[in-house]
Structure formats: C-alpha cells, structure tokens
Amino acid sequence: MTINEIIQTAVIAAIKELYGETISSEQAAPAVTRKEFEGDFTIVTFPFTRFAKKKPGEIAAELGAHLVKNVPQLDRFNVVQGFLNLVVADSFWTDFLAQIAGNEHFGRLPKNGQKVMIEFCSPNTNKPLHLGHVRNILLGWSCSQICEAAGYEVKKVQVVNDRGIAICKSMLAWQKFAEGATPESTGIKSDHFVGDWYVLFEQKFQEEYRAWQASAAGQRVLGEKRKPEQSDEQFFKDFKNSYFNEHSNLGGEAREMLLRWEAGDPDTKALWQQMNQWVYDGFGATYEALGVSFDRFYYESETYLLGKDIVEQGLASGVFYKKEDGSVWADLTDAKLDHKVVMRSDGTSVYITQDLGTAQMRYKDFGTEKMVYVVADEQNYHFQVLFEILKRLGEPYAAGLHHLSYGMVDLPSGKMKSREGTVVDADDLIAEVIAEAKEASKERGELAELSKENQDDILRKIGLAALKFHIIKVGPQKRMVFDPKESVDLQGQTGPHIQYAYVRIKSVLRKAADLGLEPSAIRPDRMSGQSAIEPQERELIAQLYRLPATVETAAANYDPSEVANYCYDLAKAFHKFFTDLSILKADTEVAKAFRLQLCGAVANALRTGMGLLGIEMPERM
RNA sequence: GGCUCCGUGGCUUAAUUGGAUAGAGCACCUGACUACGGAUCAGGAGGUUAAAGGUUCGAGUCCUUUCGGAGUCACCA
C-alpha cells in the first residue's frame, strides 16, 4: 500500500468511527500539501460538515488527532482553516529511500498482463518528415514507453500511406525529368530526393496551370463558371482541383499512373517500389536519429481494400443501410455524428472502411485490449465516427479505443504549409539543435579533453533533449507555437536543465568514489536510523515517491507531459538541495552516506523518467 | 451556420481532475562561489485566469450567454 492509500483508508475508517458516516474514497483522498504550509498530505474537511454538524476546523482537529494516533507513519498534524495537514514521520521517508536505493527499475510498475497498441507517425511516402511528424512521433514514442513502464505489453505500429495520387506525382516527375538520377548519384538523402520530385511536379503543374489560365480554353471556362462575386484569381485558385482532374496533362498522366498501379502494371509497380524504398531508407535514418523504432509497419497498399466484409456484416446486422444508388451508410445521428458513407456506390471502399478493416486486422494480429491512435486533432470527427461504428458492430476491442488527439504545430510566422515551403524539416531541425548544443558547449569548455566521438554523443543527447523536452512538456491537446529559437534553449524549464541535475550527481558520485565513499557500500539498515532530515532532503524524497503514481496516471491519460513536468520538478528540487546542502562535506558520516544515496536515487529516477520521454542522459556535459 | 477544442503576467506554460495567497520558465532588475560542475540558486517586478452571469463552504476547472482563435462538417485521405 502506498502512503496515500494508507491515509485514505485511515480517513474513511476515522470518519466512520467519529461521525458514523461512510464517505467515498474520492473524498478521503489526500492531496499534496502546498509548499507554504507544514505537512506532506492534506485532507479537506469542508465536505464533512454536512453530517458531522461541526465547523471544518473542529473536524480537522478531531480527525487529525485520530489519524496521528492510529497511523504509525504519521508524526503530527496542523490545521489551517478547514485544511488538515498531515506530517509524515521522517522515518517513513528514510525507510522508503533505503528501500529504493540502488533499484534502477524504481518507477516501473509490474506487468499487468494487458496489451496496448499504439499507432503513430503514419506518414505519406512522397516527402520527408517535418515538424508535425516530430510532435507525433515524440508523443507516440513516449506514450509507448510510459505504457510499458506502467505494466502493459506495448506494440508500436505505423500505417504507411504508400499509395495514391501523391506518390504518383513523385514517380511521374522522376520518370519525366530525372534522367535516371538516384539518391546515390546526387548525394541527396533519399526521402528528400523523392520529395524534391514531388515539389518539381507541383512546380511544373503550376506552370502548366498558369499557361492554361491565359489560354482560350482557360478563359472560356472562366467565363462559364466564375461566380459573380469571385475575382478571376479566386476562381482559378478554387478551380485548381477540377483543373487537375479534368484538364491538366500532367494531372491526367498522374491519374493514369495511379490506374496502372491499381491494375498491377509491373513497370509501374517496380518504379513505385523503388521510390518508396528510397523514402523508407530516408525515414529509417530519421527514426534512428530520433531514437525511435516500430514493431510493425502496415502499408496502405495492403490494407486499402480491407473492410468490405465488415460492411457486409454491418448491413446484415442493421448497423449500416444501403441507399438506392448502392452506396452504404451508417446513421449516427443519435450520437450527434450525422450520416457517414462507408462504401461508395461503385462498391469501392472509402478511407474509413479501410480503418474499420485495419482495426479488425490488427486485433487479429496482436489481440490487444487497447488501441491508441496518435493523430492530429483535425481528425477528431473521423475517430469519433470510427469508434462509434466499431462499438455498434460489437467489436470486442471497441471499449479500449482511444484517439490521442494533439494540436497542430504552428510557427511564429503562422501555419506550416508544405505548398508554401514554410515547413520545418525534421532532419534540418535535428541537425540545428545539435549544432546549437555544440555552440553552447564550446563556450563552457567542459568537454574539451574528451574524445571527439564521446563529445559528439554528448552533444547529440543535449540537442535532442532540448528539442524533445520542449515539445513534450506541452499538453498534447494544446495547439503549440514552435519557436526554433526557444527549442534550443538550454536553461530554465528545458531538457538540458534536467540533464544537468543528473550530470551534477554523476560528478559527485565520481568524486565520492575517489574518496572511497562507494554508494554500494552503504547499507540500508544504517540509513533507516537517519532522522531529522532537512526540508530539502524531505522534498526530494517525497518527489521521488511520486514517480510510480506519475507513471500510472500518465499512462491512464496517455499524457507524456505529466512525466515531463515531473522530471522538471524533481530536477528543480535537486538543484535546490545541491546548492543548499553539502554532500561530501556533510557534518557526519551518516549524513554523507545518506545524501549520496539520495543522489543516486534521484539520478535513477531522472534517467527513468527522461527515458520515458525518449531522452537520454549524458554522464558529463 | 451545426458540432468539437482552445483562450492563464510581454512571451512559453502548470495547477494532483472542484480546494488554501493561480505555480514555474524565458525576457527584465538585484544578489550568491578561494565549497561537491554558475547549463545552478535566492530575491524583485509583472495576473480581474478573454468578458458577464450562475451552481456552493470553495470555480482557472462545472453550467449558461457573449467575444476572440482553431478544427471539422466529401461517394478525399
């Protein structure tokens, strides 16, 4: 039982005994006492006035006396207004520290026997990854790490959008203009190479479109279709898709290519495979740079026909209905989700049909009780519909579905738009934060005597810590403004600030070892006698104590920012402790050993917590 | 227009899910090492939590309305 649970059950029992009322565990839950008051946990007694018929302060006093008498872990209490502040005995904290000291797995919960699948990243294969993908990947990755630490068996999967008109554009442009160039021959990273052809296609298409606008044919269409309130410019902007589909030569060629692909034309398939392979190689390098990996890739080219049997089932069971033209719909109006097409009148599937099929397929593959989709909030409606349909179909995993919806990333200059070239490229970004770390490190000169290899490894860890922490510390649902300048900050509420706490500990532990003070030689039984701990020490231990609960709630909420905030708070408490109290020159040998042990435990917790965010800790910096 | 989400000092954000005087960081100002790493710490200034009502012992959090921003409402993905 945790101390929280001990207090909670004691409060319930005490209220029952004192006032004869059975209260909910919610009402008995202790909160963390605010810093300005003495105490570790606080019980709010206002709700008890209803049945106790006494003033909150009196209840708090009675309850406090009762608890301190009956709960050995509690030392004393004080009452401020209706708030009962409980002080946990020092021995409880020192015992706890002795218990976790040296346990590198502290913070990781035992296996719970459940499986969760987390889908994230899911890129298109026609261009390189950008900042939006980075947020997605970091969220997905840290969620998977957190779930694993919370006891789940985790499957990390990705759906690759490897087919469709977009990749055909890259293919066509390469075929027409590349003259056999390859990533190898040009020295361009292979996913960027493919993206370049996509960009070229768009340029050529724009040229063609502009020429057409001035032509007789273009002017004729303008005359026929322009609405009175539209300017010529606005008309052509809105008409772009129709032009692509109905008039454009390049558009026609791209669509023909898609048809050939769907017909299984060998040459087209070969080219498609080549282009995609280039992209995968490039993505792979980016994933590696970010330190993430996947257990399974699903390819849209293999899943886009799925789901038709589900449609049949749904029709049979009355979840779907068929219109006269043959299209199939789900009526979700009673869930305020309107009507939704699940199959076109020509019998082909739409996006959501595929997702229905994919969900079923993945359940068959892994049998996971929970499935999490890390997808931007622009698809909120889509997932509401998807989950609602799966629920109505009676799928066994329907209750465990979750859309981890996150806000899009904006730049200080506004929205990222690939067409306008305002996207921040993932590879550039990674290189930039590492370069920035290098710059800062040069000024400090701490790493000078280390090997080049060692230095590079450290700088990589620092740069990525800055980037990752900057993104993950923000709650997922919040739309965020990404300022590249701030993302490379190394001071304040940042990844490197937390790494620095770890590095300081490592440095002290090295010095301690030189002095013959091996933390491993410190016996827990010797520590538990330690009493009268300093407030800074107490704060640190209490903070350590919260790690498992933090992991648990972060997993339950699928919210990595909770772990990020925890790490920051812990590092902050450590820095305070470190400047206020001397470790190696503590007054007594016991105090020295105690503080060393505390340092070791903090280092472990920091490494574990940051590890859950995909952030590595350097030994020096 | 319907539905959904967001709005917290100049900027970026937190608030243990309804609890105490809204907590941090950046930027600004002032201090702190012949001491274990100053990428640190302490202090100062900066707030009507977009606005107005309501619910109650208690509201940044829940309800209503208004304002502002975003997303979505395809036989696209």
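The chains referred to below are lettered A, B, ... by the order of the sequence lines, with proteins before strands, and numbering in each begins at 1.
For the pair A/Met480 CE and B/C5 C1', the computed distance is 17 Å after rounding to whole Å. Taking atom CD of residue A/Gln493 and atom P of nucleotide B/G23, one finds them 15 Å apart after rounding to whole Å. The separation between A/Lys35 atom NZ and B/U21 atom C1' is 15 Å, rounded to whole Å.
Judged by distance alone, with hydrogens and angles left aside, A/Asn85 brings a side-chain donor or acceptor within reach of the base of B/A20, the pair sitting under 3.5 Å. You'll find a donor-acceptor pair under 3.5 Å spanning the side chain of A/Thr42 and the base of B/A20, going by distance alone. Side-chain atoms of A/Asn557 come within donor-acceptor range of the base of B/U17, with a qualifying N/O pair under 3.5 Å.
Across every strand in view, B/U64 sits in a pair with B/A52 that passes the Watson-Crick or G-U test at under 3.5 angstrom. Base-pair partner of B/U4: B/A70 (Watson-Crick or G-U wobble, both distances under 3.5 Å). Nucleotide B/G23 has B/U13 as its partner under the Watson-Crick or G-U criteria, with both atom distances under 3.5 Å. Remark: B/C28 base-pairs with B/G44. Criterion, Watson-Crick or G-U wobble with two distances under 3.5 Å.
Under 3.5 Å, the side chains of A/Ser301 and A/Asp162 contain a donor-acceptor pair of N or O atoms.
Taking the O4'-C1'-N9-C4 or O4'-C1'-N1-C2 dihedral as appropriate, B/U17 has a value within 90° of 0 and is therefore syn.
Nucleic acid contact class of A/Pro47 (heavy atoms, under 4.0 Å, all strands): base.
Checking B/G7, B/C36, B/A77 against every side-chain atom of A/Val350, the shortest atom distance belongs to B/A77. Distances were taken from every side-chain heavy atom of A/Met621 (C-beta onward) to each of B/C41, B/G19, B/A39; the shortest belongs to B/A39. Closest to the A/Pro496 side chain, of the nucleotides B/A77, B/A35, B/A39, is B/A39. When the nucleotides B/G38, B/A24, B/C26 are ranked by their closest atom to the side chain of A/Phe578, B/G38 comes out on top. Comparing atom distances between the A/Arg479 side chain and each of B/A70, B/A20, B/C26 picks out B/A70 as nearest. Nearest nucleotide to the A/Arg34 side chain, out of B/A20, B/A77, B/U40: B/A20.
One finds the OH atom of A/Tyr500 at 12.5 Å from the CG atom of A/Leu490 (value rounded to the nearest 0.5 Å).
Comparing B/A35 with B/C28, their C1' atoms are spaced 30 Å from each other, to the whole Å. Comparing the same atom, P, in B/U49 and in B/A59 gives a spacing of 12 Å after rounding to whole Å. Going from the C1' atom of B/C62 to that of B/G25 covers 30 Å, rounded to whole Å. Nucleotides B/A22 and B/A45 are separated by 14 Å at their P atoms, to the nearest Å.
The 5' end of RNA chain B is approached more closely, in terms of each residue's nearest nucleotide, by A/Ser507 than by the other of A/Ser507 and A/Lys323. Checking A/Asp338 against A/Gln477, the closest nucleotide of RNA chain B that is more toward the 5' end is the one next to A/Gln477.
Remark: A/Lys572 is not in phosphate contact with B/U40, judged by side-chain N or O atoms under 4.0 Å from OP1 or OP2. Residue A/His497 places at least one side-chain N or O under 4.0 Å from the OP1 or OP2 atom of B/U40.
Under the stacking definition used here (centres under 5.5 Å, planes under 30°), the residue A/Phe46 qualifies as stacked on the base of B/G19.
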